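For reference, the structure discussed in these notes is given below.
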Number of protein chains: 2
Amino acid sequence: MSGTAPHILVIDDEQQILRALRTILGQHQYQVTTARNGEEGLALAAAVQPDVIILDLGLPDMSGIEVCQRLREWADMPIIILSAHDTEPEKVAALDAGADDYLTKPFGVEELMARVRVALRHRSRSSSSKSSLITAGNVTIDLAAHLVTKNGQPVKLTATEYRLLAYLAGNAGRVLTHQAILNHVWGYAEDSQMEYLRVYIRQLRQKLEDDPRNPQLILTESGVGYRLMT
Amino acid sequence: MSGTAPHILVIDDEQQILRALRTILGQHQYQVTTARNGEEGLALAAAVQPDVIILDLGLPDMSGIEVCQRLREWADMPIIILSAHDTEPEKVAALDAGADDYLTKPFGVEELMARVRVALRHRSRSSSSKSSLITAGNVTIDLAAHLVTKNGQPVKLTATEYRLLAYLAGNAGRVLTHQAILNHVWGYAEDSQMEYLRVYIRQLRQKLEDDPRNPQLILTESGVGYRLMT
DNA sequence: TAATCCATGAACAGATCATGGATTGGTCTG
DNA sequence: CAGACCAATCCATGATCTGTTCATGGATTA
């Protein structure tokens, strides 16, 4: 938490705004990722796990409301909506779809920054309760340091492997459905993607289990999903 | 939700707005308390511990910013600011003073209600992380974790076994008819399906009863259905 | 006692899963 | 720029698990 700069994902199709936001946010010491449409936005949200999402309502491929709803199926990071429209029904719809704030263009840059700070405040308040260090068996996962060790030895994980493990660890002891995992790690869930999940579960077991053939850490719940033992 | 209606504290010195908000919030099933100045507002906030505070910036005795700051010394409930001024520096100051949202008068009533809902969402998200546990005999069912334990030992159940047990547990002590169970667990009820029910009841007994031949947990009500003992 | 209703054990088929490896695509490096 | 490297994505195959079904004997009810 204290270590790295907060990461902000901006989903907007207007190059001009995208560049401006990237500059401003960068000046405020934020790490920035940008997406140009809804599909890309959903995938990146899952991939980078940003601390805050800034979402333009007017996207080319799908409505901002829909992006919001699909994010909320699995994600709980704050979402700040930007919109060219100032109508009340649209605001209400966006906020009820899961958005946390709504700014109408043109907006003041400093106001946006203040609202980003509010969002970050929320996030740290709600996530500070759980420690970022998770232990399961002889494996420890330090979410803040982005580091996984087994018996004290660092384990090399790829980005996807880490995201999967982090999600499992964040809900240790609980069964996570295939759907939920796919949404959270890959950003979308289709039946065909189930194969990926199997492959990555296997790789994690290979790297973390004492006896990969007899998993003690990552258990299969047939027909449902997977569970990381506490 | 189940418990009581959310409690909202409105701090404003204009009688007219106060009355209007009281009416509107009441119509939305919120419990409302009102204060006419900053001092009273601070005292009431401590006294009633509201779920959300709506705060007008233009108070007679002290600035809204100051109220905000003094609230934040000990309180963490969401604060929504109302203001007649639309200047950016004022917005930034209020948000950085600890406010969660800022609306400029005149504002749409539905927008305010939507933002109240957002604030309540935040509050419930950060405080609700309890798992719902059901106990029956020496067996406990954790619905959130999708986990069943007997004497503390985890028990492996298939998806169908779990659905059946969860349904029984959700109506513990009550007799559930064959029809009802089939409908709930299999989605439809035909006489031919009764065999499934028998088989699965048996498997649950096998896994959960101390002496499967003498069921103490899952009792047969001949000709009617089954009952899970409390 | 006769007629239902229920419990038991086991067997089969299809769904679900694990595994090893092949292929693709991007990034880094000499 | 070519080649090496690594991660992500696919594919084929065999193992395991689950739902379903059947036959039989015990328990309960009328």
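Only this structure's heavy atoms are used, side chains among them; waters, hydrogens and symmetry mates stay out. All chains are named by letter (A, B, ...) in the order of the sequence lines, taking the proteins before the strands, and each is independently numbered beginning at 1. The shown structure was predicted, so the numbers you read here are calculated from the model rather than taken from an experiment.
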Please report the distance, rounded to the nearest Å, between [atom1] in [X] and [atom2] in [N].
X: A:I218; N: C:dA18; atom1: CD1; atom2: P; answer: 10 Å
X: B:E221; N: D:dT28; atom1: CD; atom2: P; answer: 12 Å
X: B:N214; N: C:dC6; atom1: CG; atom2: C1'; answer: 15 Å
X: A:D211; N: C:dT19; atom1: CG; atom2: C1'; answer: 14 Å
X: B:K207; N: C:dG9; atom1: NZ; atom2: P; answer: 15 Å
X: B:R163; N: D:dG19; atom1: CZ; atom2: C1'; answer: 11 Å
X: A:R198; N: C:dT16; atom1: CZ; atom2: C1'; answer: 6 Å
X: B:Q203; N: C:dT8; atom1: CD; atom2: C1'; answer: 11 Å

Taken to the nearest 0.5 Å, the spacing of A:S63 OG from A:E90 CD works out to 9.0 Å
Side chain of [X] only, heavy atoms from C-beta on: which candidate in [options] is closest?
X: B:Y226; options: D:dG19, C:dA7, C:dC17; answer: C:dA7
X: B:S222; options: C:dT8, D:dT18, C:dC6; answer: C:dC6
X: A:E195; options: D:dT9, D:dT28, D:dC11; answer: D:dC11
X: A:V199; options: D:dC11, D:dA8, C:dG9; answer: D:dC11

Phosphate oxygens OP1/OP2 of [N]: is one of them under 4.0 Å from a side-chain N or O of [X]?
X: B:W186; N: D:dT20; answer: yes
X: B:T220; N: C:dA7; answer: yes
X: B:H178; N: C:dC6; answer: yes
X: B:R202; N: C:dG9; answer: yes
X: A:R213; N: C:dT19; answer: yes
X: B:Y162; N: D:dG19; answer: no

**Report entry** Qualifying residue, where the test is side-chain contact (heavy atoms from CB on, under 4.5 Å) with A:E221 and the options are A:T177, A:L176, A:V175
**Finding:**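 Among the candidates, only A:V175 passes.
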- Message: Closest-nucleotide mapping onto DNA chain C: is A:Q206 or A:M194 further toward the 5' terminus? I mean the 5' end.
- Response: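 In this pair, the answer is A:M194.
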Query - Within 6.0 Å of CG in B:N151, more than 12 heavy atoms from elsewhere - result: yes
Centroid-centroid distance, A:Y167 to A:W74, less than 6.0 Å
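So the answer is no for these two rings.
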- Query: Between A:Y162 and A:H146, is the gap from one ring center to the other below 6.0 Å?
  - Reply: yes
Note: for B:T160 and A:T160 on DNA chain D, the residue whose nearest nucleotide lies more 5' is A:T160
